[in-house]
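Please find one structure pasted underneath; my questions will follow.
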Amino acid sequence: MLTPYGGDQLERSSLSLSVDERRRVIVRVDGVDVSRADGNDGPDPWHVLVPVNRFAAQSVVIAACRGCGPDCFAVEATIRRDGDVVRWEWDGRTVVFDAGAYDAEVARFGVDHGWETPLRRAGRLILTDLPLPPGVVGVRVSERDTGELEVWLEEPDHYQIFVRTPWNSTCPHESAATARTVLTGPPSGWPAQWHGVPWERRETPPGYAGPSWRRVDWD
């Protein structure tokens, strides 16, 4: 079937999304693996599914540096919609998908959580749809040596913010609920640490910080 788009006549392609045993997203277009072309690798599912499913957004990383991930090198597809088609553009290539089939595959992939560890499950539950101060975004979570869960937030180009809450790897849902209770409260009451970025010693915390916030610096 030929699909008109902006004067083009492009045959509709098929999309298949999966996560392999190494926890890398594999993107196949018409059955061809485009994630591992040119010596690249698929992105970590965390980077494309948390806190939002990037395949339903305006752009998504479909391939990345094999060793370092998208922070080193990434191939990003621009996503556009036009009527009943979804259009991808990357590296000079254009493909179009039937919007209904595309949305069904993206939705199916978004609710397949088989790639999650307990920590990643907690992170998804914490950061998805989390109301944060304007300009603040959720980055990731980690387990500290103290047995706590650390939630990493950022105000890009200004601050990194770290909030710690209790962590129990056998009950990730309960730990996530506890963290969300803290983070949905007023930021001034968060048990937070903050750091200025880029790497400079800021004397002033974010305007939404509370008296218990503590600055941390790394030499």
Side-chain angles (χ1 to χ4, degrees), residues 13-80 86-97 102 105-128 130 132 135-144 149-162 195-200 216 218-219:
S13 294
S14 63
L15 177 69
S16 175
L17 303 170
S18 61
V19 177
D20 67 13
E21 68 281 356
R22 301 168 303 118
R23 295 195 179 97
R24 290 292 182 269
V25 175
I26 304 303
V27 180
R28 291 183 174 86
V29 176
D30 296 328
V32 178
D33 182 350
V34 299
S35 295
R36 292 178 286 199
D38 301 322
N40 295 314
D41 203 352
D44 189 308
W46 180 272
H47 292 143
V48 297
L49 292 175
V50 181
V52 297
N53 188 335
R54 299 293 302 177
F55 289 97
Q58 295 180 331
S59 64
V60 64
V61 172
I62 60 173
C65 171
R66 185 175 296 276
C68 305
D71 289 341
C72 174
F73 171 79
V75 177
E76 193 165 352
T78 300
I79 304 171
R80 296 189 177 93
V86 175
R87 178 187 182 104
W88 273 19
E89 296 176 338
W90 80 96
D91 285 352
R93 181 178 179 182
T94 300
V95 296
V96 296
F97 307 100
Y102 179 90
E105 176 63 4
V106 168
R108 180 203 63 78
F109 184 59
V111 297
D112 182 357
H113 306 308
W115 56 273
E116 293 179 343
T117 62
L119 183 63
R120 285 172 166 230
R121 176 156 299 184
R124 173 179 58 82
L125 294 172
I126 293 166
L127 295 179
T128 300
L130 178 66
L132 292 169
V136 177
V137 296
V139 179
R140 59 177 175 265
V141 300
S142 60
E143 182 179 3
R144 309 306 299 175
L149 181 72
E150 183 173 82
V151 182
W152 181 341
L153 311 172
E154 282 187 357
E155 187 177 333
D157 300 323
H158 295 287
Y159 295 100
Q160 293 175 337
I161 302 162
F162 308 95
H195 180 77
V197 292
W199 309 113
E200 59 185 24
V216 292
W218 296 280
D219 295 328

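The model shown is predicted, which means the values in this text are computed figures rather than measured ones. Numbers here simply count residues along the sequence, with the first being 1.
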Hey, mind stepping through Trp46 and Leu127 against side-chain contact (heavy atoms from CB on, under 4.5 Å) and telling me if it holds?
CA-CA 11 Å; Trp46 180 272; Leu127 295 179; 3.8 Å; yes

Using every non-hydrogen atom in the two residues, find where Ser35 and Val27 come nearest and quote the distance to one decimal.
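Looking at all heavy atoms of both residues, the closest pair is OG-N, 2.9 Å.
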
Of all heavy-atom pairs between Glu89 and Thr94, which one has the smallest distance, and what is that distance?
CG-OG1, 3.7 Å

Once ring-ring contact (aromatic ring centres under 6.0 Å, His included) is applied, do any residues pair with Phe97, and if so which ones, sequence neighbours excluded?
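ring-ring contact (aromatic ring centres under 6.0 Å, His included) list for Phe97, sorted by chain: Trp88, Tyr102.
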
Partners of Arg124 by salt bridge (Lys or Arg N to Asp or Glu O under 4.0 Å), sequence neighbours excluded?
Glu116

Mind checking side-chain contact (heavy atoms from CB on, under 4.5 Å) for Thr78 and listing every partner two or more places apart, or none if nothing turns up?
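Thr78: side-chain contact (heavy atoms from CB on, under 4.5 Å) contacts with Arg80.
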
Check: Trp115 and Val25 side chains under 4.5 Å, non-hydrogen atoms:
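In short, these two side chains do not touch, never coming nearer than 4.5 Å.
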
Partners passing salt bridge (Lys or Arg N to Asp or Glu O under 4.0 Å) against Asp91 (at least two apart in sequence or in another chain)
none

Test side-chain hydrogen bond (donor to acceptor under 3.5 Å, both in side chains) applied to Ser13 - qualifying residues, sequence neighbours left out
Asp30

Residues two or more places apart in sequence or in another chain: which of them pass side-chain contact (heavy atoms from CB on, under 4.5 Å) with Leu125?
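Here the qualifying residues are Arg121, His173, Ala176.
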
Please list every donor-acceptor pair under 3.5 Å in which a side-chain atom of residues 61-70 meets a protein atom from a residue at least two apart or in another chain.
residue: Arg66; atom: NE; partner: Gly39; partner atom: O; Å: 3.4
residue: Arg66; atom: NH2; partner: Asn40; partner atom: O; Å: 2.6

Heavy-atom side-chain proximity of Ile126 to Leu149 below 4.5 angstrom
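Result yes, sub-4.5 Å side-chain heavy-atom pair found.
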
Ignoring hydrogens and geometry, is there a side-chain-to-backbone donor-acceptor pair from His195 to Val216 under 3.5 Å?
yes

Shortest non-hydrogen separation from Leu17 to Glu105 and the atoms involved:
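Looks like N-OE2, 2.8 Å.
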
Set of residues satisfying side-chain hydrogen bond (donor to acceptor under 3.5 Å, both in side chains) with respect to Asp112, sequence neighbours excluded:
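Here no residue qualifies.
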
Check whether any side-chain heavy atom of Leu153 sits under 4.5 Å from a side-chain heavy atom of Tyr159, and report yes or no.
no

Quick one, Arg28 with Ser18, criterion side-chain contact (heavy atoms from CB on, under 4.5 Å). Give me CA distance, side-chain angles, the key distance, then yes/no.
CA-CA 9 Å; Arg28 291 183 174 86; Ser18 61; 3.5 Å; yes

By salt bridge (Lys or Arg N to Asp or Glu O under 4.0 Å), which residues pair with Glu154, not counting sequence neighbours?
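Listed in chain order: nothing, the list is empty.
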
Kindly write out the residues that satisfy side-chain hydrogen bond (donor to acceptor under 3.5 Å, both in side chains) with Arg120, not counting sequence neighbours, or none if the list is empty.
Asp44

Any side-chain heavy-atom pair from Val141 and Leu119 closer than 4.5 angstrom?
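Yes, their side chains come closer than 4.5 Å.
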
Sorted by chain and number, sequence neighbours left out, side-chain hydrogen bond (donor to acceptor under 3.5 Å, both in side chains) with Arg93 holds for none

Sequence neighbours left out, what passes salt bridge (Lys or Arg N to Asp or Glu O under 4.0 Å) with Glu143? Give chain and number order.
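Salt bridge (Lys or Arg N to Asp or Glu O under 4.0 Å) check on Glu143 returns nothing, list empty.
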
Taking the side chain as every heavy atom from C-beta outward, state whether Ile79 and Gln58 have any pair of such atoms under 4.5 Å apart.
no

